[in-house]
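Presented below is the structure to which this report refers.
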Amino acid sequence: MRRLRRLAHLVLFCPFSKGLQALATKGLGTMATVTHIQEFTPHLLQTPRLPPPRPHLPAQCDQYRKGIISGSICQDLCNLRQVEWRTCLSSVPGQQVYSGLWQGKEVTIKCGIEESLDSKAGADTAPRRELVLFDKPTRGTSIKEFQEMTLSFLKANLGDLPSLPALVGQVLLMADFNKDHRVSLAEAKSVWALLQRNEFLLLLSLQEKEHASRLLGYCGDLYITEGVPHSSWPGAALPPLLRPLLPPALHRALQQWLGPAWPWRAKIAIGLLEFVEELFHGAYGTFYMCETTLANVGYTAKYDFRMADLQQVAPEAAVRRFLRGRHCEHSADCTYGRDCRAPCDTLLRQCKGDLVQPNLAKVCELLRDYLLPGAPAGLRTELGKQLRTCTTLSGLASQVEAHHSLVLSHLKTLLWKQISNTKYA
């Protein structure tokens, strides 16, 4: 068994031999060129011995020099060139995501992000944003008018919540990055463009929560967050283009062989359950996880949970707006993103408002494969029972309030008892 594990590790994660490396680099490089045209040259497939070429400056720098946009990292990015671009982290067209280094810290750089919730579910499954032209607000817009347009935008996307004026205040503080107590047109255009990005809106809404990556800076619609956390999905160690080729059975086997020890997985799972709580009736409304996979379950060096990708988390208001009055023949027509699905009323031929599965039920399905393998013998039966109960929860509003909270609390308590008063706590 030890030899088999070693062989799997070598085949999947160790560098190729020179001949294989050259072949893989040539083949994958061609595929990447066809499927992922970007502003920069990804360095993922280069031979380690060769220093990576310096990337071209992003398009945002040209707009910055023309005075169209501004931001807290524009100077470092465009003039001082202190942002180091490293590996391309995405194989999805329109999703320019890179690892990098800034001010001595590992960071993630995101730019030119298109909405991806509908990328696998048809052209009309979820709304797509228009290309950013930095055309709003227009010259002559007063700060009061900008506040009002920001508040209207947040109401449309998050719902009419009493906490939104405070969020507008955060937006204005972010826009005034140089602390000169005024918001220039370039600063206003930049934060307005950022607000159009689903993930940025989520980052802003969840900045006070510990389970979302911290926003570090921006330039126009390019922004930098804390570095990519470790992934709970072993396939994340593969190049992005090869990940879809890994069969599900091998996913599970690799998770057991190469993933964290079970007590660490329990700690990560507790953090994931806490994140579900944060998404439910938080200060800025309720949010839905619309692609619930291990690829989005990340963790820090201390095994604290971090949501690896907020692109797939959507505000309740946006999901309901999409479903409202939508024509359907069956429930598959009522799907927002990958797995936010509502029932179809076959008499009215319209989507209903409540989702079939709430966040907690989908997370519990994920945790069955993540926690049950390798679980302590005395815990496995009770843990399996609670996870099964959890996966049967429905998204009906009448159930969500008390029942979900009770199930979630029981799960967290059960896991915490196993690792409290140990080095894993």
How about CZ on Arg214, more than 12 heavy atoms from neighbouring residues, nucleotides or ligands closer than 6.0 Å, or not? no
Is the shortest distance from a Lys or Arg side-chain nitrogen in Glu187 or Lys189 to a carboxylate oxygen in the other one below 4.0 Å? no
Gln60 side, atom CD; Asp62 side, atom CG - distance, nearest 0.5 Å: 10.0 Å
Given Asn157 and Arg321, is the side chain to side chain contact (heavy atoms under 4.5 Å, CB included) satisfied, shown in steps? CA-CA 9 Å; Asn157 285 273; Arg321 184 171 60 249; 3.9 Å; yes
Nearest 0.5 Å, please: how far is CD1 in Ile68 from NZ in Lys66? 5.5 Å
Are Tyr336 and Phe322 an aromatic pair, judged by ring center distance below 6.0 Å? yes
Between the side chain of Tyr98 and the main-chain N/O of Cys111, is any donor-acceptor distance below 3.5 Å? no
Mind running side chain to side chain contact (heavy atoms under 4.5 Å, CB included) on Val97 and Asp309 for me, showing each step along the way? CA-CA 11 Å; Val97 183; Asp309 184 10; over 6 Å; no
4.5 Å side-chain heavy-atom contact, Val356 and Ser394: no
Kindly write out the residues that satisfy side chain to side chain donor-acceptor pair (under 3.5 Å) with Arg388, not counting sequence neighbours, or none if the list is empty. none
Does Phe275 reach the side chain of Ile270, with side-chain heavy atoms less than 4.5 Å apart? no
Quick one, His404 and Phe280 - any side-chain contact, counting heavy atoms below 4.5 Å? no
Within the 4.5 Å heavy-atom criterion, are Arg86 and Leu101 side-chain neighbours or not? yes
Tyr288 side chain near Pro358 side chain, heavy-atom distance below 4.5 Å: no
Interatomic distance, Leu411 atom CG to Glu382 atom CD [nearest 0.5 angstrom]: 9.5 Å
Looking only at non-hydrogen atoms, find the nearest pair between Leu367 and Ala269 and report the distance. CD2-CB, 3.8 Å
Results of side chain to side chain contact (heavy atoms under 4.5 Å, CB included) for Glu277 - residues two or more places apart only: Glu274, Leu408, Lys412
Where do Val276 and Phe287 land on the side chain to side chain contact (heavy atoms under 4.5 Å, CB included) test, with the steps shown first? CA-CA 9 Å; Val276 171; Phe287 297 90; over 6 Å; no
For residues Ile268 and Phe305, report the shortest heavy-atom separation together with the two atoms involved. O-CB, 3.6 Å
Yes or no on disulfide bond (SG atoms under 2.5 Å apart) for Cys61 and Cys78, after CA distance, side-chain angles and deciding distance? CA-CA 5 Å; Cys61 287; Cys78 304; 2.0 Å; yes
Would you say the side chain of Met289 lies within less than 4.5 Å of the side chain of Val363, judging by non-hydrogen atoms? yes
Arg265 (side chain) donor-acceptor with Pro260 (main chain) under 3.5 angstrom: yes
Less than 2.5 Å separating the SG atoms of Cys390 and Cys364? yes
Cys334 and Cys344: sulfurs closer than 2.5 Å? no
Would you check if the side chain of Thr392 reaches a backbone N or O of Thr389 as a donor-acceptor pair within less than 3.5 Å? yes
Within this structure, what is the CG-CG distance for the pair Leu154 and Leu161, rounded to the nearest 0.5 Å? 9.5 Å
Begin with the C-alpha distance, continue with both residues' side-chain angles, and end with the deciding distance and a verdict on side chain to side chain contact (heavy atoms under 4.5 Å, CB included) for Tyr299 and Asp304. CA-CA 5 Å; Tyr299 58 91; Asp304 294 316; over 6 Å; no
Heavy-atom nearest pair, Ala375 first then Arg380, reads O-NH2, 2.6 Å
Evaluate the side-chain proximity of Phe134 to Gln63: yes if any heavy-atom separation is below 4.5 Å, no if none is. yes
Derivation of the side-chain hydrogen bond (donor to acceptor under 3.5 Å, both in side chains) call for Gln357 and Glu365: CA-CA 11 Å; Gln357 275 191 309; Glu365 278 190 1; 3.1 Å; yes
Presence of salt bridge, Asp339 and Lys362, under 4.0 angstrom: yes
So which of Leu202, Leu206, Asn296 actually passes side chain to side chain contact (heavy atoms under 4.5 Å, CB included) with Val313? Leu202
Under 3.5 Å side-chain donor-acceptor pair for Glu199 and Gln312: no
Ring centres under 6.0 angstrom apart (Trp192, Phe153): yes
Rounded to the nearest 0.5 Å, what separation is found between the CG atom of Leu167 and the CG atom of Leu204? 5.0 Å
Taking all non-hydrogen atoms of both residues, which atom of Phe177 and which atom of Ser72 are closest, and how far apart? CD1-CA, 3.5 Å
Say whether, by atom type as modelled, one donor and one acceptor occur between the side chain of Ser163 and the main chain of Ala283 under 3.5 angstrom. yes
So which atom in Tyr223 and which in Asp221 form the shortest heavy-atom distance, rounded to 0.1 Å? CD2-O, 3.8 Å
So do the side chains of Leu203 and Gln207 get within less than 4.5 Å of each other, counting heavy atoms only? yes
Test log, rule side-chain hydrogen bond (donor to acceptor under 3.5 Å, both in side chains), inputs Gln311 and Asn198: CA-CA 6 Å; Gln311 281 281 103; Asn198 183 63; 5.2 Å; no
Backbone N/O of Pro137 and side chain of Thr141: donor-acceptor pair under 3.5 Å: no
Using modelled atom types and a 3.5 Å cut-off, is there a donor and acceptor pairing between side-chain atoms of Ser205 and backbone atoms of Leu201? yes
How many angstroms lie between atom CG of Asn359 and atom CG of Leu273, to the nearest 0.5 angstrom? 11.5 Å
Report the residues that fulfil side chain to side chain donor-acceptor pair (under 3.5 Å) with Gln147, sequence neighbours left out, ordered by chain and then residue number. none
Is the backbone N or O of Lys302 less than 3.5 Å from a side-chain atom of Thr300, with the two atoms forming a donor-acceptor pair by type? yes
Shortest non-hydrogen contact from Arg326 to Asp333? NE-O, 3.1 Å
Side chain Trp102, main chain Val107, donor-acceptor under 3.5 Å: no
Side chain Ser190, main chain Cys219, donor-acceptor under 3.5 Å: no
Check the SG atoms of Cys328 against those of Cys351: under 2.5 Å or not? no
